[in-house]
Enquirer: 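A single structure is presented below for examination.
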Amino acid sequence: MTSLAGRCLFRAPVRLPMKAVVPSVSRATARSDRNPMAEDMHPYRTHTCGELRSEHVESTVRISGWVHRKRDHGQLLFLDIRDDFGITQVVTDVSSALFEEMEKVRLESVVRVTGKVVSRSPETVNPRLLTGEVELRAESFDVLAAAAQVPLQVNSDEDAGEEVRLRYRYLDLRRERMHRNMKLRTDVISAIRRGMEDQGFREFQTPILTASSPEGARDFLVPSRLHPGKFYALPQAPQMFKQLLMMGGFDKYFQIAPCFRDEASRADRSPGEFYQLDFEMSFVTQDDVFNAIEPVLSNVFNEFGGGRTVTAPPYPRIPYETAMLKYGSDKPDLRNPIEIADVGEIFQGSGFGIFAKAVGKGSVVRAIPAPGAAAKPRSFFDKLNSWAQKEGKPGLGYIVYGEDGAAKGPIAKNLDAERLERIKTEAGLRNGDAVFFVCEPVKEAARFAGIVRTRVGEELEVIERGAYKFCWIVDFPMFELDEETGKIEFSHNPFSMPQGGMEALETQDPLLIKAAQYDIVCNGVELSSGAIRNHLPEVMYRAFAIAGYSAEEVEREFSGMLNALKYGAPPHGGCAPGIDRIVMLLADEPNIREIVAFPMNQRAEDLMMGAPAEVPAERLRELHIKLALPPKRQDETKTSVTG
RNA sequence: GGGGGUGUAGCUCAGUUGGUUAGAGCGCUGGCCUGUCACGCCAGAGGCCGCGGGUUCGAGUCCCGUCACUCCCGCCA
């Protein structure tokens with residue numbers, strides 16, 4: 001925390017119209033000593049608003065900044081002047097000719113104050129300000145840029161509505177929280193760059209105007225003036241380019257890569273565009289990839305995580321199937337100590353008919369331990385039961401194991417002692433714990449047990465705070481069955497190497513083949529997915545054939561990539577953690593827009609710049625585009641263009 | 001595309017069972033105040049209660065529609 005503040009304070013800003021942003025104290029002092037109201041003083045400032053200390057007392061200085069707050073005592077006036085570096089209190093009184101003008105100035109106006117630094121009397125020192133030991137007695141005052149009444153209060157923590165915040169983002173960015181978040185973001189990104197470069201990665205740029213990719217999300221299209229009827233696409237990720245760089249013989253690539261997807265937004269998913277730490281390495285195994293990125297992430301999280309504990313490398317590696325069973329999710333939050341157990345077999349042929357019958361029909365039973373919940377009142381269990389009913393379930397059965405070891409509850413009555421003991425063992429329960437049950441077909445059982453695990457963890461407050469818990473989810477299935485069409489599809493990235501290579505593709509049940517595909521997860525947030533890539537064209541053809549693509553189709557869709565593979569591609573792999581989500585975790589913000597300077601709103605509109613926007617008919621003509629708008633609103637139909 | 005929440009002063013919000021002139025804090029304007037640091041005190045301006053329709057003697061409040069913002073599902077290889 002303190003290192004952060006220090007960094008912000010003394011970092012050299014880029015956009016300031018002078019050489020020495022934080023001029024040496026002695027120089028500034030010496031100058032003003034020669035000529036107190038120095039004409040050769042910098043036109044805007046000799047010091048920043050976060051800089052003045054006791055040692056500056058008696059020197060004449062100049063600061064510029066925004067009027068953060070006014071305290072008008074009638075005969076005595078305080079102005080807090082704010083800039084990127086801090087706040088300095090300026091004082092004047094009625095004996096000064098400046099008093100009237102300073103009293104009138106509106107909040108958020110940009111002003112310049114020249115005057116003498118004076119020390120504050122001990123009882124008026126403000127320990128919460130970096131500059132709180134001193135204040136500036138104004139000897140000259142100018143409004144450099146007057147502010148209109150602001151639509152949101154910069155000097156307040158009170159949350160403004162998001163629409164207002166986005167429309168006036170430049171004001172929102174002045175506020176402390178956004179200012180802190182944006183500085184964190186830039187600092188995190190430069191730390192990541194340093195970390196990657198230290199590991200021997202080189203940063204490359206890849207095209208922004210590229211070809212539409214047939215798989216995955218919808219892409220944004222860019223019309224071509226020179227090629228009527230043809231479109232570029234913005235990259236959803238530089239996936240193919242980074243692989244092509246490997247084939248170009250570069251050993252280790254990375255990029256803070258902009259990615260564009262025309263998909264709906266979520267709180268943790270920004271609409272339109274986001275950034276990935278995209279990287280790729282040649283001649284590597286999965287372990288090599290993990291070993292390369294784990295220290296970079298751990299270092300960044302240790303440096304900027306505000307003292308929270310961080311998983312030390314190597315991170316736990318959890319097979320996909322295990323994750324679905326034990327956590328009911330492929331992005332488990334390991335801060336929650338609860339682990340789900342599979343107990344369907346124990347209910348088979350038991351006296352608890354509902355579960356016994358369902359298991360006979362192929363359902364499974366998952367046990368979700370509730371540590372210490374035996375001490376909870378009946379209402380606790382009732383509350384969870386009615387919550388489950390609201391989620392569309394018949395209810396949420398449970399057994400309570402009392403401190404004396406006796407099993408209680410409606411289900412317990414129908415189970416014999418041996419089964420009750422086996423459940424206790426299988427689910428890792430102790431006396432004083434309770435356990436909830438989910439009985440559903442396997443996929444739904446995993447999903448819902450995962451939700452119950454989270455809910456129970458929250459209710460019992462057993463989720464560890466102050467920690468970043470990382471893990472890898474590995475061994476994703478290569479293919480999956482589309483439930484509607486019954487067809488086999490790639491379950492993730494079609495360019496991943498199937499585990500077992502060609503032999504596996506030719507001899508195994510496709511649905512049992514695992515891919516060399518992995519996700520990195522932190523605190524239940526999926527940071528990225530990655531893979532060891534398929535670098536062999538014949539294996540690629542075979543994999544696509546299983547997913548129902550003919551060789552011709554593959555060649556048509558992926559010709560650039562396939563051709564490159566035919567000229568000797570190194571075995572390679574990589575990963576692409578999301579920068580925005582990393583910063584979100586570090587800033588402890590629940591919404592991704594809080595860590596993006598100029599985000600679009602949920603409907604992918606930029607309210608400040610007015611994007612997207614209609615364009616003049618002339619531009620459309622030039623692009624050979626004719627609009628065919630939906631006949632929804634009358635005022636919109638007018639804009640359709642012929643030509 | 002679907003579901004939930006919200007929409008009242010420049011900003012954040014309150015507004016009871018449908019009942020007189022719609023309130024508060026901050027900001028804004030004016031007045032008082034020489035040591036505050038979220039300064040304090042007094043006064044004032046500021047409202048198409050998102051918009052349209054309906055029910056009613058009467059609607060910020062109830063109903064229908066619509067728009068906007070937001071959260072979630074679908075989607076995001």
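Note on naming: letters A, B, ... go to the chains in the order of the sequence lines (proteins, then strands), and numbering restarts at 1 for each one. The figures that follow rest on heavy atoms only: side chains count, while hydrogens, waters and symmetry mates do not.
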Enquirer: Paired with B:rG46 by Watson-Crick or G-U wobble geometry, both distances under 3.5 Å: which nucleotide is it?
Expert: none

Enquirer: Rounded to whole Å, how long is the line connecting atom CD of A:Glu133 with atom C1' of B:rG35?
Expert: 17 Å

Enquirer: Applying ring pair (Phe, Tyr, Trp, His ring centres under 6.0 Å), name anything that partners A:Tyr549, two or more places apart in sequence or on another chain.
Expert: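 Ring pair (Phe, Tyr, Trp, His ring centres under 6.0 Å) check on A:Tyr549 returns A:Phe544.
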
Enquirer: Calculate the interatomic distance between A:Arg167 atom CZ and B:rC11 atom P; express it in whole Å.
Expert: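 Computing the A:Arg167:CZ to B:rC11:P distance gives 11 Å.
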
Enquirer: Please list, chain by chain and in numerical order, all residues satisfying salt bridge (charged side-chain N to carboxylate O under 4.0 Å, His left out) with A:Asp80, sequence neighbours excluded.
Expert: A:Arg71

Enquirer: Base, sugar-phosphate alone, or nothing: which one does A:Arg593 contact when heavy atoms must sit under 4.0 Å apart?
Expert: sugar-phosphate

Enquirer: Please give the nucleotide sitting opposite B:rC13 as a Watson-Crick or G-U wobble pair, both distances under 3.5 Å, or none.
Expert: B:rG23

Enquirer: Compare the minimum distances between each of B:rG27, B:rC11, B:rU70 and the side chain of A:Val164, then state the nucleotide with the smallest one.
Expert: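 The closest nucleotide is B:rC11.
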
Enquirer: For residues 102-109 of chain A, which side-chain donor-acceptor pairs fall under 3.5 Å, sequence neighbours excluded?
Expert:
unit_1, atom_1, unit_2, atom_2, d
A:Glu108, OE1, A:Arg82, NH2, 2.9
A:Glu108, OE1, A:Arg174, NH1, 2.8
A:Glu108, OE2, A:Arg82, NH1, 3.1
A:Ser109, OG, A:Arg106, O, 2.9
A:Ser109, OG, A:Ala147, N, 2.9

Enquirer: Measure the distance from CZ on A:Arg106 to C1' on B:rG30 and round it to the nearest whole Å.
Expert: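 It works out to 14 Å between those atoms.
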
Enquirer: Identify, with sequence neighbours excluded, every residue that meets salt bridge (charged side-chain N to carboxylate O under 4.0 Å, His left out) alongside A:Glu526.
Expert: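 Salt bridge (charged side-chain N to carboxylate O under 4.0 Å, His left out) list for A:Glu526, sorted by chain: empty.
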
Enquirer: Can you sort out which residues in residues 441-455 of chain A have a heavy atom within less than 4.0 Å of RNA chain B? Ascending by number, please.
Expert: none

Enquirer: Whom does B:rG65 pair with, Watson-Crick or G-U wobble, provided both distances fall under 3.5 Å?
Expert: B:rC51

Enquirer: When the P atoms of B:rC63 and B:rC76 are compared, how many Å lie between them, rounded to an integer?
Expert: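 About 37 Å, rounded to a whole number of Å.
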
Enquirer: Where along residues 261-269 of chain A does a heavy atom come under 4.0 Å from RNA chain B, residue by residue in number order?
Expert: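 Nucleic-acid contacts, sorted: A:Arg261, A:Glu263, A:Ala264, A:Arg266, A:Ala267, A:Arg269.
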
Enquirer: With heavy atoms under 4.0 Å as the rule, sort A:Gly132 into base, sugar-phosphate or nothing.
Expert: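 Since no nucleic acid heavy atom lies under 4.0 Å of A:Gly132, the category is nothing.
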
Enquirer: Is the phosphate of B:rC71, meaning OP1 or OP2, less than 4.0 Å from a side-chain N or O of A:Gln602?
Expert: yes

Enquirer: Write down the distance separating the C1' atoms in B:rG46 and B:rG23, rounded off to the nearest Å.
Expert: 14 Å

Enquirer: Ring pair (Phe, Tyr, Trp, His ring centres under 6.0 Å) with A:Phe78: which residues, sequence neighbours excluded?
Expert: A:His73

Enquirer: According to ring pair (Phe, Tyr, Trp, His ring centres under 6.0 Å), who are the partners of A:Phe479, at least two apart in sequence or on a separate chain?
Expert: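 If we apply the ring pair (Phe, Tyr, Trp, His ring centres under 6.0 Å) test to A:Phe479, skipping adjacent residues, the hits are A:Phe490.
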
Enquirer: Applying side-chain contact (heavy atoms from CB on, under 4.5 Å), can you list everything that pairs with A:Glu480, at least two apart in sequence or on another chain?
Expert: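 A:Ser491.
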
Enquirer: With A:Glu594 as reference, evaluate A:Arg177, A:Arg180, A:Arg169 under the salt bridge (charged side-chain N to carboxylate O under 4.0 Å, His left out) test and give the passing residue.
Expert: A:Arg177

Enquirer: Kindly indicate whether the side chain of A:Arg137 and the base of B:rG35 share any N or O donor-acceptor pair separated by less than 3.5 Å?
Expert: yes

Enquirer: Distance alone, cut at 3.5 Å: any donor-acceptor contact between the side chains of A:Glu589 and A:Asn181?
Expert: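 Present: a donor and an acceptor within the cut-off.
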
Enquirer: I want to check something: taking the side chain as every heavy atom from C-beta on, are A:Lys331 and A:Asp519 in contact at a cut-off of under 4.5 Å?
Expert: no

Enquirer: Consider only side-chain N and O atoms of A:Gln236 and A:Asp219, and report whether a donor and an acceptor are under 3.5 Å apart.
Expert: yes

Enquirer: Please determine, for B:rG74, whether a Watson-Crick or G-U wobble partner exists with both distances under 3.5 Å, and give it or none.
Expert: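 By the stated definition (distances under 3.5 Å), nothing pairs with B:rG74.
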
Enquirer: Rounding to an integer number of angstrom, what distance separates B:rC69 and B:rC11 when you compare their P atoms?
Expert: 16 Å

Enquirer: Could you give the distance separating B:rC32 and B:rC13 at their P atoms, to the nearest angstrom?
Expert: 35 Å

Enquirer: Considering only nitrogen or oxygen atoms on both sides, find all protein atoms under 3.5 Å from nucleotides 2-10 of chain B and state each distance.
Expert:
unit_1, atom_1, unit_2, atom_2, d
B:rG10, N2, A:Gln153, OE1, 3.4

Enquirer: Any strand counts, and the cut-off is 3.5 Å on both contacts for Watson-Crick or G-U wobble. Which nucleotide pairs with B:rA59?
Expert: none

Enquirer: By the definition side chain to side chain donor-acceptor pair (under 3.5 Å), identify the one residue from A:His572, A:Glu280, A:His535 that meets it with A:Gln243.
Expert: A:His572

Enquirer: Suppose you measure atom P in B:rU20 against the same atom in B:rC33; what distance do you get, rounded to whole Å?
Expert: 41 Å

Enquirer: Pick out the pairs of N or O atoms, protein on one side and nucleotides 36-39 of chain B on the other, that lie under 3.5 Å.
Expert:
unit_1, atom_1, unit_2, atom_2, d
B:rU36, O4', A:His73, NE2, 3.4
B:rU36, O2, A:Arg71, NE, 2.6
B:rU36, O2, A:Arg71, NH2, 3.3
B:rU36, O2, A:Gln89, OE1, 3.3
B:rU36, N3, A:Gln89, OE1, 2.9
B:rU36, N3, A:Gln89, NE2, 2.9
B:rU36, O4, A:Gln89, NE2, 2.8
B:rU36, O4, A:Arg120, NH1, 3.1
B:rC37, O4', A:Arg71, NE, 3.0
B:rC37, O2, A:Gln89, OE1, 3.3
B:rC37, O2, A:Asn126, ND2, 3.0
B:rC37, N3, A:Arg120, NH1, 2.7
B:rC37, N4, A:Arg120, NH1, 3.3
B:rC37, N4, A:Thr124, O, 2.3
B:rA38, OP1, A:Arg128, NH2, 3.2
B:rA38, OP2, A:Arg128, NH1, 3.3
B:rA38, OP2, A:Arg128, NH2, 2.2
B:rC39, OP2, A:Arg71, NH1, 2.9
B:rC39, N4, A:Asp72, O, 2.3

Enquirer: Mind checking what makes ring pair (Phe, Tyr, Trp, His ring centres under 6.0 Å) contact with A:Phe476, not counting sequence neighbours?
Expert: A:Tyr320, A:His492

Enquirer: Which whole-number value in Å describes the distance from A:Lys104 NZ to B:rC28 C1'?
Expert: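 Roughly 16 Å, once rounded to whole Å.
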
Enquirer: Does A:Arg165 make a side-chain N or O approach to OP1 or OP2 of B:rU70 shorter than 4.0 Å?
Expert: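 For B:rU70, neither OP1 nor OP2 has a side-chain N or O of A:Arg165 closer than 4.0 Å.
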
Enquirer: Measuring only the C1' atom in each nucleotide, how far is B:rU55 from B:rC62? A whole number of Å is fine.
Expert: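 Taking atom C1' in both B:rU55 and B:rC62, they lie 8 Å apart.
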
Enquirer: Using a distance-only test with no angle check, is there a side-chain donor-acceptor pair under 3.5 angstrom linking A:Asp475 and A:Gln499?
Expert: yes

Enquirer: Please check if any side-chain donor atom of A:Asp83 sits under 3.5 Å from a side-chain acceptor atom of A:Thr48, or the reverse.
Expert: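 On atom types as modelled, these side chains do not qualify, holding no pair under 3.5 Å.
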
Enquirer: Taking the C1' atom in each of B:rU8 and B:rG25, what is the distance between them to the nearest angstrom?
Expert: 15 Å

Enquirer: Can you tell me how far P of B:rG74 sits from CZ of A:Arg218, to the nearest Å?
Expert: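 Taking CZ of A:Arg218 and P of B:rG74, I get 14 Å after rounding.
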
Enquirer: Which heavy atom in A:Val110 sits nearest to a heavy atom in A:Trp66, and how many Å separate them?
Expert: CG2-NE1, 3.4 Å

Enquirer: Please confirm whether the shortest side-chain N or O distance from A:Asn591 to OP1 or OP2 of B:rC71 is below 4.0 Å.
Expert: yes

Enquirer: Considering only the P atoms, how many Å lie between B:rA43 and B:rC49, rounded to the nearest integer?
Expert: 28 Å

Enquirer: What does A:Glu489 touch in the nucleic acid at a heavy-atom separation under 4.0 angstrom: a base, only the sugar-phosphate, or nothing?
Expert: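 Touches nothing.
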
